[in-house]
Amino acid sequence: MVEAIAVASGKGGTGKTTSTLALGMALAADYDVTVVDADTGMANLLFHAGLDDVEVTLHDLLIEGTGTDVREATYDRFGMRVVPCGTSLAAFERADPARLRDVVAELGGETDVLLLDSPAALGSKSAVLPLVLADRIVVVLQPTVPSLSDGLKAQEYARSYGTETAGILFNRVRGELGDIAGKAERYFGGTTLSAIPESDAVRGARRAGKPLLAHAPGSAAANAYREAADALEPRTGRADDVAARFTSAVVPETH
């Protein structure tokens with residue numbers, strides 16, 4: 001089986017990368033999980049996963065002529081396989097976003113769940129391609145109306161390419177959600193997977209260069225991410241069929 005799920009938002013700062021790794025670790029208790037930092041322009045997953053010193057990253061796979069094998073950019077960490085992206089501006093400028101299709105197709109043949117940490121902005125094909133490749137998206141929101149508005153833009157784009165919404169994940173929640181949860185479910189047409197409380201543990205995990213579930217596995221935030229992972233219920237799909245879809249996906253120019 002394999003399903004590609006993009007973790008998306010309409011704006012930066014929602015906790016998308018923290019959420020991607022937390023969901024990945026939670027899902028890895030029951031599935032074979034591969035996490036890809038598909039934010040090729042503003043990558044930071046490598047800092048969250050203790051991979052900031054690695055030499056080979058997704059950028060090497062997206063630059064023509066490097067001869068890099070996908071396995072060289074894949075690292076076993078925290079019970080998952082992780083493909084980090086580099087932070088070099090020069091490498092970003094040389095990378096061909098369309099090559100992500102083949103990378104994802106190859107990774108999809110060897111895993112149950114592919115989690116794509118997606119860019120927040122929607123202004124280029126490198127930013128929107130993860131939403132196009134995914135089977136479903138998880139929309140990460142903060143519990144505010146402006147955040148809902150930003151997230152809806154990401155969902156609208158994804159749906160225009162046939163990508164479904166797996167659910168909404170509220171992050172950095174202080175107190176009760178109130179009526180914002182009902183508004184979100186009406187606007188997004190999906191369920192609320194979980195509400196992640198504002199937490200010192202999350203900040204501590206970032207400082208330690210570890211995913212939250214490795215740094216503070218018993219924290220309230222970690223338990224909320226496990227609740228979200230349980231609600232996701234990854235779907236089954238034939239790896240060869242999914243790979244064919246990835247490699248033939250339309251590469252959009254802009255949003």
Side-chain angles (χ1 to χ4, degrees), residues 1-10 16-17 19-40 45 58 70 74 80-83 85 97-120 122 125-141 151-169 184-185 188-194 225 228-252 255:
M1 65 171 283
V2 59
E3 182 179 22
I5 299 174
V7 182
S9 67
K16 189 164 45 58
T17 298
S19 297
T20 303
L21 286 170
L23 289 172
M25 281 195 67
L27 288 167
D30 298 304
Y31 302 96
D32 188 293
V33 175
T34 301
V35 173
V36 181
D37 188 350
D39 191 348
T40 58
L45 187 145
L58 179 66
V70 170
T74 305
M80 311 173 286
R81 283 189 290 273
V82 180
V83 182
C85 190
R99 295 172 68 90
L100 181 64
R101 296 179 304 178
D102 294 330
V103 172
V104 170
E106 185 167 347
L107 291 168
E110 301 177 352
T111 196
D112 296 330
V113 181
L114 267 171
L115 286 178
L116 307 176
D117 186 11
S118 306
L122 298 174
K125 61 184 177 183
S126 64
V128 300
L129 188 55
L131 304 184
V132 174
L133 293 176
D135 298 292
R136 295 187 291 167
I137 61 170
V138 170
V139 185
V140 181
L141 305 170
L152 278 169
K153 296 170 188 173
Q155 174 177 271
E156 181 181 358
Y157 195 95
R159 287 187 174 177
S160 72
Y161 279 87
T163 302
E164 301 175 28
T165 303
I168 307 152
L169 184 64
E185 291 192 7
F188 286 87
T191 59
T192 298
L193 300 173
S194 189
Y225 277 117
D230 288 342
L232 265 179
E233 298 182 354
R235 301 171 179 176
T236 59
R238 288 182 50 183
D240 52 351
D241 290 341
V242 175
R245 180 177 65 78
F246 290 155
T247 53
S248 62
V250 175
V251 181
H255 67 292

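Numbering of residues begins at 1 and proceeds along the displayed sequence. Bear in mind the structure is a predicted one, so any value in this text is a computation, not a measurement.
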Between T20 and the options V36, V7, V82, V140, the side-chain contact (heavy atoms from CB on, under 4.5 Å) test singles out V7

Can you tell which of C85, P130, S118, P119 makes a side-chain contact (heavy atoms from CB on, under 4.5 Å) with D37?
C85

Let me confirm one number: the CZ-CG distance from F188 to L152, rounded to the nearest 0.5 Å.
4.0 Å

Close side-chain approach of Y157 to T163, heavy-atom, < 4.5 Å:
no

Take I5 and R136, measure what side chain to side chain contact (heavy atoms under 4.5 Å, CB included) needs, and give me the verdict at the end.
CA-CA 5 Å; I5 299 174; R136 295 187 291 167; 4.3 Å; yes

Distance, nearest 0.5 Å, that separates CD1 of I137 from CG of L116:
11.5 Å

Could you check if a side-chain atom of T34 sits within less than 4.5 angstrom of a side-chain atom of E110, using non-hydrogen atoms only?
no

Determine, stepwise, if the pair L169 / S194 fulfils side chain to side chain contact (heavy atoms under 4.5 Å, CB included).
CA-CA 5 Å; L169 184 64; S194 189; 3.9 Å; yes

Student check: side-chain heavy atoms of T74 and L107 closer than 4.5 Å:
yes

With sequence neighbours left out, the residues meeting side chain to side chain donor-acceptor pair (under 3.5 Å) with E156 are none

Using 0.5 Å steps for rounding, measure from the CD atom of Q155 to the CD atom of E164.
11.0 Å

Between V33 and M25, is a side chain to side chain contact (heavy atoms under 4.5 Å, CB included) present by the stated rule, with each step listed?
CA-CA 8 Å; V33 175; M25 281 195 67; over 6 Å; no

Tell me every residue that passes salt bridge (charged side-chain N to carboxylate O under 4.0 Å, His left out) with D39, counting only those two or more places apart in sequence or in another chain.
none

Value for CD1 (I168) from OG1 (T191), rounded to nearest 0.5 Å, stands at 7.0 Å

Considering non-hydrogen atoms only, spot the tightest contact between A229 and A26 and give its length.
CB-CB, 3.5 Å

Not counting sequence neighbours, which residues clear side chain to side chain donor-acceptor pair (under 3.5 Å) with D32? List them please.
R81, T111

For the student: nearest non-hydrogen atoms of L131 and A6, plus distance:
CD2-CB, 4.1 Å

May I ask you to test the P234-L27 pair for a side-chain heavy-atom distance under 4.5 Å?
yes

Working to the nearest 0.5 Å, report the span between CG of L115 and CD of E3.
9.5 Å

Mind listing the closest non-hydrogen atom pair of A166 and L232 along with its distance?
CB-CD2, 3.6 Å

T165 side, atom OG1; R159 side, atom CZ - distance, nearest 0.5 Å:
4.0 Å

Shortest non-hydrogen contact from Y225 toward L23
O-CD2, 3.9 Å

So, do L58 and L100 sit near enough that their side-chain heavy atoms are less than 4.5 Å apart?
yes

